[in-house]
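So you know, we letter chains A, B, ... as the sequences are listed, proteins then strands, and number each from 1. This one's a predicted model, so the numbers in the text were calculated from it and none came from an experiment.
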Amino acid sequence: MIVVKRVVGEMLLHFSSLIGESFCFASCPRILKNNTTQIVEPPSTLEEEEEPLPDEFVLVEKSQLDGEVEQIIFSSGGDVDVYELQALCDKVGWPRRPLSKLAAALKNSYMVAALHSVKKLPGSEGNEQKRLIGMARATSDHAFNATIWDVLVDPSYQGQGLGKAMVEKMIRTLLQRDIGNITLFADSQVVEFYRNLGFEPDPEGIKGMFWYPRY
Amino acid sequence: MLTHNVAAPSSLCPILSNDWHFHVSDQLISPHNLNPNLFWRASRKIKGCRLKSSFWESIRSGILKNNTTQIVEPPSTLEEEEEPLPDEFVLVEKSQLDGEVEQIIFSSGGDVDVYELQALCDKVGWPRRPLSKLAAALKNSYMVAALHSVKKLPGSEGNEQKRLIGMARATSDHAFNATIWDVLVDPSYQGQGLGKAMVEKMIRTLLQRDIGNITLFADSQVVEFYRNLGFEPDPEGIKGMFWYPRY
């Protein structure tokens, strides 16, 4: 029997209720009608309502019958090994990208979120096996807009809500940093996944466009 | 085959596998050939660029099909085909009867005064945003392109009047993706192709820096404007999405 503890279930619920109340699309210039008013986002609102997310915390903990414990750890500190990332991208079937460019992309992303699996056996003298099992990153101008890119979860770990949790944490962190316009480009087969996370395609007819050669 | 006024150097197709056939005819009119009262125009004919993989694959692969080979981008290919854009150059030059000369200068060095930008955003009717955030956004954009009008009167001892009349910026991960934000041109200067030129230059610079995935989010009324610059909405069903609260 596997015992699963959702350590941050409470946090997730709290997060969902927050979304409805305090955060809106207001930091996008398109929303305001009166153009003589300065936007002042009241930071105190944020502090009253929630604590900042720690950079790293346990999302899930599972105990096996033999005493092995596996933790799935979320981190937003950018601690992603580029070789591990390459291997993960291979595993999900993405085409290879040059390692140097992958490294540059990680370095120059505003936020890099990662999921690691940490397995410990009892009595193993603290030896643990740590593996990268998920990643997502966002670029941003640090003020108004962020775009989420490259969301991936190891296929062996999909279907457990880990990708969802990872993106939710990213959103929460971005909002805490007062970045109100959070965007992404979704393949058609994952539009629903993001819709369930609160994303809307083409709001008010705004179209995502790609520069692409014509034939 | 399509010819359009888009700066499209060789790395426009970041995928340079054997499947690609790409020819560029070099008809670039460089700034020093500029005739007064004429717009600077870069015409590149894009011939026979044939895509064999799916859109995302081509973007992600950044070239490779064989995953045991490292990509080495041959920089010499770029050099043969075009020179890098200078950071700043004259787009348009107009002479008035009284001898006043006005130059419209494009720059991508990020020299935008935040107060001037605020005034320009007011002028186009955008809602006010906090100055500190505007400044942070400029500082943390990968590229900030600007258009300035510089007016000189003859015999005015070199005194000139310089005004910000356009701006566009892009965020990027410096490797794969860029997103263009906040494209604006002073209404008094719209309709002359300046916005188009500004975005074209940005695209060209991004491509020269090997950033192959160039994106943006367009209000419905400007989708056509960007289509004419080579942008496509929802390629292969990929949707731009915004995080928006549910009520």
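Heavy atoms closer than 4.5 Å to chain B are found in both the backbone and the side chain of A:T183. Contact of B:S172 with chain A is made through the backbone alone, with heavy-atom distances under 4.5 Å.
When A:D202, A:N145, A:I206 are each tested for a side chain to side chain contact (heavy atoms under 4.5 Å, CB included) with B:F217, only one passes: A:I206.
Minimum interatomic distance between A:K207 and B:K239 (heavy atoms only, all atoms of both residues): NZ-NZ, 3.2 Å. Pairing each heavy atom of A:L197 with each of B:W243, the nearest pair is O-NE1, 3.0 Å. Nearest approach of B:V223 to A:M209, heavy atoms of both residues: O-CE, 3.5 Å. Listed here is the closest heavy atom pair of B:F176 and A:L102: CZ-N, 3.8 Å.
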From CA spacing to verdict: ring-ring contact (aromatic ring centres under 6.0 Å, His included), A:F210, B:Y226: CA-CA 9 Å; A:F210 286 71; B:Y226 290 106; over 10 Å; no

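Under the 4.5 Å side-chain criterion, counting only non-hydrogen atoms from C-beta, B:Y244 is not in contact with A:N181.
With sequence neighbours excluded, no residue satisfies ring pair (Phe, Tyr, Trp, His ring centres under 6.0 Å) with A:H116.
Residue A:T147 holds its OG1 atom at 10.5 Å from CG of B:L216, rounded to the nearest 0.5 Å.
Legend: salt bridge (charged side-chain N to carboxylate O under 4.0 Å, His left out) pairs involving residues 102-115 of chain A, not counting sequence neighbours: none detected.
Options A:C89, A:A105, A:A103 differ in how many heavy-atom pairs under 4.5 Å they form with chain B, and the most are formed by A:A105.
Ion pairing between B:D210 and A:K101 holds under the 4.0 Å rule for side-chain N and carboxylate O.
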